[in-house]
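Residue numbers start from 1 in every chain, and the chains themselves are labelled A, B, ... in the order their sequence lines are given, proteins ahead of strands.
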Number of protein chains: 2
Amino acid sequence: MTSDNLFAEEFFSFLTGKASTAMSRRLQRNLKESCVTITSEQWSLLYYLWNEEGLTQQELANLTFRDKPSISRLINNLEKLKLVIRVNDKGDRRTNLIYLTKEGRKIKTDCMAQASRTITEALDNVDRDKLKDAQHILETVYQNLR
Amino acid sequence: MTSDNLFAEEFFSFLTGKASTAMSRRLQRNLKESCVTITSEQWSLLYYLWNEEGLTQQELANLTFRDKPSISRLINNLEKLKLVIRVNDKGDRRTNLIYLTKEGRKIKTDCMAQASRTITEALDNVDRDKLKDAQHILETVYQNLR
DNA sequence: AGTTTTAGGTTGCTTATGCAATTAAACTAA
DNA sequence: TTAGTTTAATTGCATAAGCAACCTAAAACT
């Protein structure tokens, strides 16, 4: 019984990640509505690049908790969309430094606005103090498992 | 400033779902270690079927917050693995009722043990009362957006 | 009954994921 | 300097996801 409750109530909601799936989908929908045709996964890379350009693919992998092949292919698609470019590092020719294009920088404002809207929609009726605790727990779980 | 902190601290950890990604990966790793070769997504369908057989694909879609095509293909793969079977409903020939095979029922014990282990690993150092609040928040976010 | 609408599933297309194996550059050590 | 190891990135393979379009069976309307 305890075991079953444990699954049903404590584990399953986390495992399935329904909340974060719902957030991703809503973000993507909001972006589309504002005519920015990127996926939420692409958004998550751009998010870090808007903060700091010239990151390596390995750094992006660590930041977003994806493996290197995933980043490699995400960058491929972002390059196709002309939003970023790979610049081979002169100092260490194994690494690519990822920079935003003019277009990549330009869409930041729109994207952040839609992200902000998504937050507002998501956090309706959510207690802000408890939210902090929740984030802390998610961070602990992540640290426990990564 | 408030806006940026909002992203960095409140939103981003939710959006990326790093905790749930980490849990899924660990579950899959644990399952593999116990020689059960299913994915965490397949696990999430089986989880409901272990509780109640004869669900329709639409019901599974609602329960797991996936769309119909996703369920259709997950069932395809579970059928290939001989873990479930589709049974066309005599009463309503549009619907398939999904049942476990003997093998599908057999692996329940192992799978639940590995899920239990994954929980234990995930929730190390997590305050149980705050965990309840966190789940409640995730549920609210989900309800806000679905 | 006959037509329209709704509901359950499947297929096509594109994107994203993880793991394993590979290439090529850089570092370490003999 | 060369042999062996580590590191960054890519490629191959299989699974999974969402959206849109489709098909067929059931239900609802007239």
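- Through direct or indirect side-chain contacts shorter than 4.5 Å among Ile, Leu, Val, Met, Phe, Trp and Tyr, B:L97 is connected to B:I85, B:V87, B:Y99.
- Looking at heavy atoms from C-beta onward, A:I75 lies in side-chain contact with A:I71 at the 4.5 angstrom threshold.
- The hydrophobic cluster around B:Y142 extends to B:F65, counting ILVMFWY residues whose side-chain heavy atoms fall within less than 4.5 Å of a member.
- Taking the salt bridge (Lys or Arg N to Asp or Glu O under 4.0 Å) definition, one finds that B:R94 meets it with B:D92, sequence neighbours left out.
- If A:K32 and B:T39 are placed on DNA chain D by their nearest nucleotide, the residue sitting closer to the 5' end is B:T39.
- Atom CD in A:E79 sits about 14 Å away from atom P in C:dA16, given to the nearest Å.
- With sequence neighbours excluded, the residues forming a salt bridge (Lys or Arg N to Asp or Glu O under 4.0 Å) with A:R105 are A:E53, listed by chain and number.
- Atom pair B:L45:CG and D:dA16:C1' shows a separation of 11 Å (rounding to whole Å applied).
- Residue pairs meeting the salt bridge (Lys or Arg N to Asp or Glu O under 4.0 Å) criterion with at least one partner in residues 109-123 of chain B, sequence neighbours excluded, are B:R26-B:E121, B:E33-B:R117, B:R117-B:E121.
- Here A:T21 does not reach the OP1 or OP2 of D:dA17: none of its side-chain N or O atoms lies under 4.0 Å away.
- Proximity of residues 84-101 of chain A to DNA chain C (heavy atom under 4.0 angstrom from any strand atom) is restricted to A:G91, A:D92, A:R93, A:R94.
- Proximity of B:Q57 to the phosphate of C:dT10: a side-chain N or O atom is located under 4.0 Å from OP1 or OP2.
- Here the P atom of nucleotide D:dG12 and the CG atom of A:D67 are 16 Å apart, to the nearest Å.
- A close approach under 4.0 Å does occur between a side-chain nitrogen or oxygen of A:R66 and OP1 or OP2 of C:dT17.
- Summarising the geometry, the separation between CG on B:L31 and P on C:dC19 is reported as 13 Å, rounded to the nearest angstrom.
- For B:E33 and C:dC19, the CD to P distance is 13 Å, given to the nearest whole Å.
- One can place CG of A:L83 at 15 Å from C1' of C:dT15, the figure rounded to the nearest angstrom.
- Closest approach to the A:Q58 side chain among C:dG9, D:dA9, D:dC19 is made by D:dA9 (side chain taken as heavy atoms from C-beta onward).
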Exercise. In sequence, state the C-alpha distance, the side-chain angles, and the governing distance for A:K68 and A:Q57, and then conclude on side-chain contact (heavy atoms from CB on, under 4.5 Å).
Key: CA-CA 7 Å; A:K68 285 182 290 186; A:Q57 297 186 195; over 6 Å; no

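- Residues passing the side chain to side chain donor-acceptor pair (under 3.5 Å) test with A:T39, sequence neighbours excluded: A:E41.
- In this structure, CD of B:Q28 is placed 11 Å from P of D:dT15, rounded to the nearest angstrom.
- Taking atom CD of residue B:Q42 and atom P of nucleotide D:dA14, one finds them 15 Å apart after rounding to whole Å.
- Of the residues in residues 68-78 of chain A, those with a non-hydrogen atom less than 4.0 angstrom from any atom of DNA chain C are A:P69, A:S70, A:R73, A:L74, A:N77.
- The salt bridge (Lys or Arg N to Asp or Glu O under 4.0 Å) check on B:K108 picks up nothing, with sequence neighbours excluded.
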